[in-house]
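The figures here come from the full heavy-atom set of this structure, side chains too, leaving out hydrogens, waters and symmetry mates.
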Amino acid sequence: MANVGYVRVSTVEQNEARQIEALKPHQIDKWFCDKCSGKDTNRPQYKAMLDYIREGDTVFIEDFSRLSRSVSDLLSIIDTMQRKGVHLVSLKERLDTSTPQGRLMVTMIAAINEFERANILERQREGIECAKARGVYKGRKRIQKPDNWQDVYSRWQRREITGTQAMRKAGLKRNTFYNFVKQEGAAAGYGN
C-alpha cells in the first residue's frame with residue numbers, strides 16, 4: 001500500500017512547492033506533478049498516476065480542483081479510484097469520497113470549481129476586450145524564426161534530420177515549427 005501525492009498547477013511558470021509542502025506530512029511514497037490546466041483529464045502525470053495506483057493505495061491531493069475543474073470529470077475520477085480500491089484524501093475539504101454525504105459534497109465542490117473557472121475565463125475575456133479598446137492589448141508576441149532556421153530547415157528538407165531533431169535544434173515547439181515550414185512553402189509558391 002502506497003501513499004501517492006498528486007500535484008497540479010495550471011502553467012509551467014507556476015510553482016507547485018506550496019502543494020508539495022502541504023502533502024509532505026503524509027509520508028508520500030510516489031509523487032506525480034502536472035503543469036497544465038485541469039479543464040480535462042488529458043494530463044501525462046495524471047495518466048501515469050492512474051496506471052501506478054493499486055488497490056489499498058491512498059492518493060493525497062491538496063484540494064479537489066487539483067484533480068479537475070469539471071464536475072463530470074471529477075466524479076469520473078473518483079469512480080475510477082473507487083473501482084480500483086484506492087482511497088482519495090483531499091486535505092482542504094477533508095472529505096471521505098466513499099460515503100454518500102462525501103460524494104454529495106464533492107459534487108457541490110466540483111460544481112463551484114467549474115463555476116469559478118468559467119468566471120475566471122469570462123473576466124479574462126472582458127479584460128482583454130477592455131485592453132484592446134484602449135489599444136493596450138496587441139495579443140501574443142509573434143515568435144521570430146531562430147537565427148539557425150535556414151540551416152535547420154534545409155537539413156530537414158533534405159531529410160538529414162527528423163522533424164523532432166529539427167524542432168530541438170531550432171528550439172521550437174511542434175506547432176511553431178510546422179507553421180514556419182508552411183510559411184516557407186507558401187513563400188516558395190507550394191501552397192497555391
Q.
Please find the pair of heavy atoms, one from L88 and one from M81, that lie closest to each other, and give the distance.
A. CD1-SD, 4.0 Å
Q | Nearest heavy-atom neighbours spanning F180 and I143 | A | CZ-O, 3.3 Å
(Q) Surrounding CZ of R158 (heavy atoms of other residues, nucleotides or ligands, distance under 6.0 Å), is the total greater than 12? (A) yes
Q: Output the distance between atom CD (E184) and atom OG (S154), rounded to the nearest 0.5 Å.
A: 8.0 Å
**Q.** Pairwise distance OG1(T41) to CG(L67) - rounded to 0.5 angstrom
**A.** 10.5 Å
Q.
Under a 3.5 Å distance rule, please check whether R155 uses its side chain to pair with a backbone N or O of I161 as donor and acceptor.
A. no
Q) Should we count CD of E126 as having more than 12 external heavy atoms under 6.0 Å? A) yes
Q. Are more than 12 heavy atoms from other residues, nucleotides or ligands located less than 6.0 Å from atom CZ of F115?
A. no
Q | Shared hydrophobic cluster, I77 / L23 (ILVMFWY, side-chain heavy atoms < 4.5 Å) | A | no
Q. Which distance, rounded to the nearest 0.5 Å, do you find between the CZ of R66 and the SG of C33?
A. 10.5 Å
Q: With rounding to the nearest 0.5 Å, note down the distance linking CD1 in I53 to OG1 in T58.
A: 10.0 Å
Q | F60 side, atom CZ; N3 side, atom CG - distance, nearest 0.5 Å | A | 4.5 Å
Q: Go through the steps for R174 and M167 under the test side chain to side chain contact (heavy atoms under 4.5 Å, CB included), then give the verdict.
A: CA-CA 7 Å; R174 181 179 180 80; M167 290 173 224; 3.9 Å; yes
Q) Hey, is the main chain of M1 close enough, under 3.5 Å, to the side chain of R54 for a donor-acceptor pair? A) no
**Q.** Nearest atoms (heavy-atom pairs only) where A22 meets P25
**A.** O-CD, 3.4 Å
Q: Could you state whether Y46 and Y52 fall into the same hydrophobic cluster, counting links through intermediate Ile, Leu, Val, Met, Phe, Trp or Tyr residues with side-chain heavy atoms under 4.5 angstrom apart?
A: yes
Q) Would you say D51 has more than 12 foreign heavy atoms packed within less than 6.0 Å of its CG? A) yes
(Q) I need the single residue from D63, V9, I61 that forms a side chain to side chain contact (heavy atoms under 4.5 Å, CB included) with Q19. Which is it? (A) V9
Q.
Membership question, hydrophobic clusters at under 4.5 Å side-chain separation (ILVMFWY): are I20 and F64 in the same one?
A. no
Q | With K84 via side-chain hydrogen bond (donor to acceptor under 3.5 Å, both in side chains) - residues at least two apart | A | none
Q: To the nearest 0.5 angstrom, please state how far the CD atom of Q183 sits from the CH2 atom of W149.
A: 8.5 Å
Q | Donor-acceptor contact present, side-chain D57 to main-chain A2, <3.5 Å | A | yes
Q: Tell me whether V59 is reachable from L91 by hopping between hydrophobic residues (I, L, V, M, F, W, Y) whose side-chain heavy atoms are closer than 4.5 Å.
A: no
Q: For E129 and Q124, test the side chains for any donor-to-acceptor distance below 3.5 angstrom and give the result as yes or no.
A: no
Q) Between P146 and A170, which heavy-atom pair has the shortest distance, and what is it? A) CG-O, 3.4 Å
Q.
Side chains of W156 and Q165: any donor to acceptor distance under 3.5 Å?
A. no
Q | Nearest heavy-atom neighbours spanning K169 and N148 | A | O-ND2, 3.0 Å
Q | Chi angles and distances behind the side chain to side chain contact (heavy atoms under 4.5 Å, CB included) call for R94, V89 | A | CA-CA 7 Å; R94 296 184 185 157; V89 175; over 6 Å; no
Q: Search all heavy atoms of D73 against all heavy atoms of S68 and return the closest pair with its distance.
A: CB-OG, 3.2 Å
**Q.** Pairs touching residues 22-38 that satisfy side-chain hydrogen bond (donor to acceptor under 3.5 Å, both in side chains), sequence neighbours left out
**A.** Y6-D34, E16-K35, E21-K24
Q: Answer yes if L50 and V4 sit in the same cluster of Ile, Leu, Val, Met, Phe, Trp and Tyr residues linked by side chain heavy atoms under 4.5 Å apart, and no otherwise.
A: yes
